[in-house]
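Residue numbers run from 1 in the order of the sequence given. Just the heavy atoms: all of them, side chains too, but no hydrogens, waters or symmetry mates, feed the values below.
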Amino acid sequence: MIRAESGEIGMDLARTQHPDLILLDLHLPDISGEVALSRLKNDPETMDIPVIVVSGEGDEVQIRRLEEHGMDRFVSKPIDVPRFLEVFDETLSSRSGHRVAGELGG
């Protein structure tokens with residue numbers, strides 16, 4: 001797992017590290033998560049990386065707007081861990097064709 005302290009650093013890391021998945025908070029210290037999402041999905045280096053947005057906020061209008069920017073899934077805070085693992089697994093398996101979360105426990 002790679003952690004970034006800001007949106008700009010996170011986008012740079014996504015370009016260089018090519019993670020399997022990005023968890024994106026909407027409240028970043030330097031730019032909005034919505035702007036970061038849009039940039040990630042419009043960059044050929046990162047556009048195929050699935051993005052799960054994690055936020056304590058999110059009405060239907062905002063979620064639709066995030067989907068238009070390329071968000072794969074939305075998870076509300078506080079996080080329901082079993083549901084989050086399902087979303088995590090579904091998102092990665094839809095891209096790779098195999099289950100992931102079931103393998104976390106060994």
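- Legend: residues meeting side chain to side chain donor-acceptor pair (under 3.5 Å) with Glu5, ordered by chain and number and at least two apart, are Arg3.
- Side chains of His69 and Asn42 form no contact here, defined as non-hydrogen atoms less than 4.5 Å apart.
- Residue pairs meeting the salt bridge (Lys or Arg N to Asp or Glu O under 4.0 Å) criterion with at least one member in residues 33-42, sequence neighbours excluded, are Glu8-Arg39, Glu34-Arg65, Lys41-Asp72.
- With rounding to the nearest 0.5 angstrom, the CD atom of Glu67 is 10.0 Å from the CZ atom of Phe74.
- Using a 4.5 Å heavy-atom cutoff, the side chains of Leu21 and Leu23 are in contact.
- The residues Arg64 and Glu68 are annotated as not salt-bridged, no charged nitrogen and carboxylate oxygen being separated by less than 4.0 angstrom.
- Counting side-chain heavy-atom gaps under 4.5 Å among Ile, Leu, Val, Met, Phe, Trp and Tyr, the cluster of Ile9 also holds Ile2, Leu13.
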Go through the steps to decide whether Arg83 and Val75 satisfy the test side-chain contact (heavy atoms from CB on, under 4.5 Å), and finish with yes or no. CA-CA 9 Å; Arg83 178 67 188 132; Val75 174; over 6 Å; no
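- By the side chain to side chain donor-acceptor pair (under 3.5 Å) test, Asp25 is found to be paired with Lys77, residues two or more places apart in sequence or in another chain being considered.
- When all heavy atoms of Ile31 and Leu28 are compared, the pair lying nearest together is O-CB, 3.1 Å.
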Donor-acceptor contacts under 3.5 Å from residues 46-56 side chains, at least two apart:
| from | atom 1 | to | atom 2 | distance (Å) |
| --- | --- | --- | --- | --- |
| Thr46 | OG1 | Leu40 | O | 2.6 |
| Ser55 | OG | Glu57 | N | 3.0 |
| Ser55 | OG | Glu57 | O | 3.1 |

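- In terms of heavy atoms, Gly7 sits closest to Asp30 at N-OD1, 2.8 Å.
- Residues Leu85 and Leu24 do not share a hydrophobic cluster, clusters being chains of Ile/Leu/Val/Met/Phe/Trp/Tyr side chains in contact below 4.5 Å.
- Remark: Asp80 engages no residue in a side chain to side chain donor-acceptor pair (under 3.5 Å) (not counting sequence neighbours).
- Linking Ile, Leu, Val, Met, Phe, Trp and Tyr residues whenever their side-chain heavy atoms come within less than 4.5 Å places Ile79 and Leu92 in a single cluster.
- The side chain to side chain donor-acceptor pair (under 3.5 Å) analysis of residues 10-24, with sequence neighbours excluded, yields the pairs Asp12-Arg15, Arg15-Asp43.
- Hydrophobic cluster membership is shared by Leu66 and Ile22, with clusters built from Ile, Leu, Val, Met, Phe, Trp and Tyr side chains linked at under 4.5 angstrom.
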